[in-house]
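Numbers restart at 1 for each chain; the letters A, B, ... are given by sequence-line order, proteins then strands.
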Number of protein chains: 2
Amino acid sequence: MMATRDKLIDGAIAAIREHGIAGVSARTIAATAGVNQALVFYHFGSVDDLLAEACRSVTAARVAVYRARLADVSSLRELLDIGRTLHRQEQAEGNLAVLAQLLAGAQNDPTLAESTAAALRIWTVEIESVLHRLLDGSPIAPVVDPAGLARAVSAAFIGLELYDGVDPEGASAAFDALERLAVLVEVIDDLGPLARRAARAKLRHLT
Amino acid sequence: MMATRDKLIDGAIAAIREHGIAGVSARTIAATAGVNQALVFYHFGSVDDLLAEACRSVTAARVAVYRARLADVSSLRELLDIGRTLHRQEQAEGNLAVLAQLLAGAQNDPTLAESTAAALRIWTVEIESVLHRLLDGSPIAPVVDPAGLARAVSAAFIGLELYDGVDPEGASAAFDALERLAVLVEVIDDLGPLARRAARAKLRHLT
DNA sequence: GTCTATAACGAGATAGAC
DNA sequence: GTCTATCTCGTTATAGAC
């Protein structure tokens, strides 16, 4: 038997998945959770605060699944494999959709903005540490910024999820294109000092 | 003097910008437009249909601004420059935010899904044709897919916009990281057949 | 902690006067 | 084409019985 508080958190996540951020309410959440509507306010004070808590909850749970696997990664290729698996899995379970909806709602809601920012930070911190480990010794280290790249990956996952909702084939092609770009990075990585010097020169011109 | 129909379309866009997709209603739109609430239903039938029309309207207007400029692009560097300008401009005017909110709403709304898919198609068709023109002769042509890449760019802009709403510094770092990756593509492009062969071999392993 | 009942309000949508 | 008025329903939130 599950505590009402937890039922409401799970109900909130399911309701966002099903109705989107524009369709969630204390009533839809309570109905999904199978509890009385008034309990939303008793346990969380407001719908907003429940959504914020749900955001924290789902993020902690999902990151925990991948933390160990990410810690074992020792090559860019392996990282790409995990990235593909993570994308497929989280997309299928609807966790990416939930995060995307919360993030959309956060644009006009300070409470949600805080919790989604924290959620994204938890993901990017994890990705960033792997990228640091993999890239610090590589010849392209001076060219790539692990912190920025980790955030870019997170943003891309969100954007691709929303794209997928209205054009699945297009989103799939986009994901493949990004994967190939990542392989290009590997190619430069293998070419060694020659490419490294060329890349550095190019980047100097940019700034 | 502006026609009421157009006032409502502009009002809808402004209301999405201000309140997000979860906060728009016939009342908020009409108030923003400065017209009576009942006119939403007289002119468009439903709020949904007004939003769909607003989506088409804002997309057509914004793409028109860049179409000529994109047609003149003759190098990857120039394309990156326009991309940066476009991102800065559309972000500042809130047009990216509007598209992101519409896309989020589209995930659970077939009417909106159709119009946002059309909007994204209009953008990607434009980008794709430029990429084809620039990359078809290049040594990395067999490695990159212009259609997929154009969609990836669109998705990334959406994702970065949402990210920016909750963490502006992080989003800025992410954008910079992606720009540097694009420069890496240029580097490979310049290295010629050597890198081309290496990239092809890598990609064969991937599939 | 959980329920019913209800207050107070905003939502989509329509009817009918002008 | 535009307005007022209104219907019906869903919304957040609270009071109070159990």
* To do: Please state whether the phosphate of C:dG12, meaning OP1 or OP2, lies under 4.0 angstrom from any side-chain nitrogen or oxygen of B:Ser46.
  => no
* Asked: Mapping A:His43 and A:Gln37 to their closest nucleotides on DNA chain C, which lands nearer the 5' end?
  -> A:His43
* Under-4.0 Å salt bridge between B:Arg84 and B:Asp81 -> yes
* Asked: Roughly how many Å is it from NE2 in A:His19 to C1' in D:dG10, rounded to a whole number?
  -> 13 Å
* Asked: If you check every side-chain atom of B:Arg27, which of C:dC3, D:dT11, D:dT6 has the closest atom?
  -> D:dT6
* Asked: Heavy atoms under 4.0 Å, any strand shown: does B:Val40 hit a base, just sugar-phosphate, or nothing?
  -> nothing
* Asked: What is the distance, rounded to the nearest whole Å, between atom CG of B:Asp6 and atom P of D:dG1?
  -> 12 Å
* Just to confirm, is there a sub-4.0 Å distance from OP1 or OP2 of C:dA11 to any side-chain nitrogen or oxygen of B:Ser25? -> yes
* Asked: Could you state the CD1-P distance from B:Ile29 to C:dA13, rounded to the nearest angstrom?
  -> 11 Å
* **Atom-pair distance (CG on B:Leu50; C1' on C:dG12), nearest Å** => 13 Å
* Which one, C:dG12, C:dC3, D:dT11, comes nearest to the side chain of A:Thr28? -> D:dT11
* For atom CG of B:Leu51 and atom P of C:dA11, their distance in whole Å -> 13 Å
* Side-chain contact, heavy-atom cut-off 4.5 Å: B:Arg69 with B:Thr85? -> yes
* Structure fact -> 5'-most contact on DNA chain D (nearest-nucleotide basis), A:Val24 vs B:Ala38, goes to B:Ala38
* To do: Starting from C1' on C:dG12, measure out to CG on B:Leu8 and report it in whole angstrom.
  => 15 Å
* **Candidate nucleotides C:dA13, C:dA11, D:dT2, ranked by approach to the side chain of B:Phe41 - the nearest** => C:dA13
* To do: Please determine, for the side chain of B:Asn36, which listed nucleotide (C:dT4, D:dC3, C:dG12) has the closest atom?
  => D:dC3
* Structure fact -> Given the options A:Thr124, A:Leu103, A:Leu99, A:Ser154 meets side chain to side chain contact (heavy atoms under 4.5 Å, CB included) only with A:Thr124
* **Separation of D:dG1 C1' from B:Phe44 CZ (nearest whole Å)** => 14 Å
* How close or far is atom P of D:dG16 from atom CG of A:Leu39, stated in whole angstroms? -> 18 Å
* Asked: Is B:Lys7 salt-bridged to B:Asp10, cutoff N-O under 4.0 Å?
  -> no
* Asked: Is it true that A:Arg17 and A:Glu93 have a side-chain N and a carboxylate O under 4.0 angstrom from each other?
  -> no
